[in-house]
*Asks:* 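My questions all concern the structure below.
We count ligands from 1, going down the list as the structure has it; atoms in each ligand are counted the same way.
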Amino acid sequence: MTRVLVLNSGSSSVKYRLFDGSATVAKGLVERIGEAGGEVADHRAALQGIMAEVDLSGLAAVGHRVVHGGTEFTSPTVIDDDVVARVEALVPLAPLHNPAALTGIEVARKLLPDVPQVAVFDTAFHATIPPEGVTWAISRELAERWQIRRYGFHGTSHAYVSRRTAEVLGRDPGQTNVITLHLGNGASACAVEGGRSVATSMGMSPLPGLVMGTRSGDIDPTVIFHLHRVAGLPIDEIENSLTRHSGLQGMAGVNDLRLLLEKRAAGDPDAKLAFDVYCRRIREYVGSYLAVLGRVDAITFTAGVGEHSAVVRAAALSGLEPLGIAVDPSRNERHDEVVSPPGARIPVCVIPTDEELEIADQSRTALSLPR
Ligand code: ADP
């Protein structure tokens, strides 16, 4: 079995997990990097700390999560200087996300010079979406010049849970169509046709689509013009508001769904509305992707909310019984792998995601290593 270290570097945190085959032998999180009173001064110190704590002997690869791969990176890619330069060139497309991954890559390459490193992109799984699913109806010239199109994110999660869904249902993943709903702090929906992404709800950035903890999801772009022109807000402030102070946080003052449910249970009208908006948006995307796919073999919930909130699953799919979509209350409460009633036309599944395991597997595949 081969050992792979998976690194997920954020701007102020590094999450790591060491795999031996598919078993986790060590994992952890270094937080508040570089902040006053934080654990360590910078990413280099964070990684040195991890290396001091974890036995990395026999390490066969390091797999890095990289958020944005643009149109260039459509599969896991072995990292060399040229790849680093190309990921750097993508920073204008992902200014909030890619710089941290680049820092992680740079430090890991220096500290582990003999270990091959692989970049696994959140966008890559969506490279199979056909042109009409990634093109917005704006000027071709502007779109091409500024690389404006849908890229989509959470790809490793959608790939993993759609494949697992087929396995759980005893089907061939290559012949199975799944609507996957990744509902974490970030949230996105994906239509997967025979193992390939054909539609997803996030766009050029992770901002559009479903309602999230602090991100707005879909809005009319006029909101931005209006806030700028009429309300006089600078563009950075609008971006900050839509990404960090919107979603559940913006509507109800809490970004954690558990707290939202508590406020809702206590009769808070804002929390009730926020919950309804959140669930209705999911239902709208399910309807849209039923139409995109035509035949749907399963609907799968994953990530923090999707795996743990029976009430969201039930509310999001309520009223869809005429389409053969329903949840069985006791299965749903138990978070069974299949939560739809026996014999349902379209099974509804709950599949825990595992992005790190998928990154480890994809890293081994890129290097032709055995599992
Ligand atoms: P991330 O996107 O940061 O990886 P997660 O996938 O862990 O986040 O999802 C975080 C979200 O999951 C939070 O909104 C949290 O409230 C929600 N969540 C976690 N556990 C539960 C639970 N038992 N019931 C409802 N929501 C939950």
*Asks:* Give the intermediate values and the outcome of salt bridge (charged side-chain N to carboxylate O under 4.0 Å, His left out) for residues Arg164 and Glu337.
*Replies:* CA-CA 10 Å; Arg164 284 284 305 134; Glu337 274 182 335; 3.8 Å; yes
*Asks:* In this structure, is the centre-to-centre distance between the rings of His68 and Phe153 below 6.0 Å?
*Replies:* yes
*Asks:* How would you list, by chain and number, the residues with a heavy atom under 4.0 angstrom from ligand 1?
*Replies:* Gly184, Asn185, Gly186, Asn255, Asp256, Leu257, Arg258, Ala303, Gly304, Val305, His308, Ser309
*Asks:* Under the rule for side chain to side chain donor-acceptor pair (under 3.5 Å), what residues qualify as partners of Arg163, not counting sequence neighbours?
*Replies:* Glu358
*Asks:* May I have the step-by-step check of side chain to side chain contact (heavy atoms under 4.5 Å, CB included) for Arg109 and Asp81, ending in yes or no?
*Replies:* CA-CA 10 Å; Arg109 288 180 85 206; Asp81 292 344; 3.1 Å; yes
*Asks:* Do Glu262 and Arg258 pass the salt bridge (charged side-chain N to carboxylate O under 4.0 Å, His left out) test, and can you show the C-alpha distance, the side-chain angles, and the key distance before you say yes or no?
*Replies:* CA-CA 6 Å; Glu262 280 172 25; Arg258 284 166 291 199; over 6 Å; no
*Asks:* Kindly compute the distance separating OG1 (Thr156) from NE2 (His182), expressed to the nearest 0.5 Å.
*Replies:* 8.5 Å
